[in-house]
Amino acid sequence: MNYKFGVYGDSIAFGYGNNNQSWFDIVSLGSKAIKLAQNGETICDVLKKIKLDNNCYEVLYVAVGVNDLLVSFLESGKIDFSFLMRKYEEVLKIALIKSKKVIVQSLLPVREELFPNQDWLDDDKWCYNLDIKEFNRRLCLLCDKLKVQYKDVYSKFCTKNLESIYIDAVHLNKIGQEELSLFMKL
């Protein structure tokens, strides 16, 4: 099937905590679109799904990675970024075949002070903005290499009062989703 817009992503693209309405629903409103984002998705989950996808897109968004950075220890800097980037590169190479235009969203900053007490986590985990910054740095380089558009929403959201636009440590409220849609428009 042919779609104007599609998105692969995690709970932020799915709209967790916001009646399953996300920035993607705002950006794609009125167009033939499909939301393939899901709560808890990792890069490897997206890779499995996109390999089976027979759809074609004018614009395909990819917005995933924060679940890959959740760790069970109180220390940043222990993530295998090389592995994550190899898997992300596989995702993007397939996306480039399925879509005329691919847009990658950087990860958003997290509210570190709220970890590990998150209702959506099964056990104690943390996520660190230092790890997110490194992930985003590498992701930007990967996008440059593959000539894929990269949206640096991390920098934009770092200037905001996260308490007013987040419902927990990582998920956006309605206002946050609306603000993110402004950055993700074509």
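None of the values given here were measured: they were computed from a predicted structure. The basis for the numbers below is simple: all heavy atoms, side chains too, and nothing from hydrogens, waters or symmetry mates.
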Spacing of [atom1] belonging to [X] relative to [atom2] belonging to [Y], to within rounding of 0.5 Å:
X	Y	atom1	atom2	value
D53	M1	CG	CE	11.5 Å
L162	E112	CG	CD	10.5 Å
I43	F83	CD1	CZ	8.5 Å
L107	D152	CG	CG	10.5 Å
Y154	C140	OH	SG	14.0 Å
I97	C56	CD1	SG	11.0 Å

Check this for me: [X], atom [atom1], are more than 12 non-hydrogen atoms of other residues, nucleotides or ligands nearer than 6.0 Å?
X	atom1	value
N19	CG	no
L141	CG	yes
K133	NZ	no

With side chains defined as the heavy atoms from C-beta onward, is the minimum distance between [X] and [Y] less than 4.5 Å?
X	Y	value
L52	K48	no
L108	L172	yes
D123	K125	yes
K151	V104	no
D10	Y16	no
V59	I103	yes
N55	I34	yes
L60	K101	no

Hphob cluster co-occupancy, [X] + [Y], side-chain heavy atoms under 4.5 angstrom:
X	Y	value
I26	V7	no
L114	L121	no
V27	L182	no
Y150	F135	yes

Output yes when a side-chain donor or acceptor of [X] lies under 3.5 Å from a complementary backbone atom of [Y], and no otherwise.
X	Y	value
Q118	A169	yes
T159	K156	yes
S11	N39	no

Q. Could you walk me through whether F24 and F14 pass the side chain to side chain contact (heavy atoms under 4.5 Å, CB included) check?
A. CA-CA 8 Å; F24 178 75; F14 182 73; over 6 Å; no
Q | Residue pair N129 / P109: nearest heavy atoms and the distance that separates them | A | OD1-CA, 3.3 Å
Q) Per the side-chain contact (heavy atoms from CB on, under 4.5 Å) rule, which among I132, N67, L70, V110 passes with V170? A) V110
Q | Option from V46, T42, D68, L47 for which side-chain contact (heavy atoms from CB on, under 4.5 Å) with K87 holds | A | L47
(Q) If the threshold is 4.0 Å, N to carboxylate O, is there a salt bridge linking E134 and R138? (A) yes
Q) Less than 4.0 Å between a side-chain N and a carboxylate O, is that true for K35 and D25? A) yes
Q: Assess K32 against Y3: is NZ or CZ under 6.0 Å from the centre of the six-membered ring, and within 45 degrees of the ring's axis?
A: yes
Q: Mind running side chain to side chain contact (heavy atoms under 4.5 Å, CB included) on C127 and V66 for me, showing each step along the way?
A: CA-CA 8 Å; C127 189; V66 73; 4.0 Å; yes
Q | side chain to side chain contact (heavy atoms under 4.5 Å, CB included) assessment of L146 paired with K93 | A | CA-CA 8 Å; L146 297 177; K93 284 181 175 178; 4.1 Å; yes
**Q.** Sequence neighbours excluded - side chain to side chain donor-acceptor pair (under 3.5 Å) pairs with any residue from residues 176-186
**A.** K160-E179
Q: Let me see the working for Y8 and V64 under side chain to side chain contact (heavy atoms under 4.5 Å, CB included), right down to the final yes or no.
A: CA-CA 7 Å; Y8 277 99; V64 66; over 6 Å; no
(Q) I'd like to check the side-chain contact (heavy atoms from CB on, under 4.5 Å) partners of S31; sequence neighbours left out, ordered by chain and number. (A) K4, F5
Q: Can you sort out the partners of E163 under side chain to side chain donor-acceptor pair (under 3.5 Å), two or more places apart, ordered by chain and number?
A: none
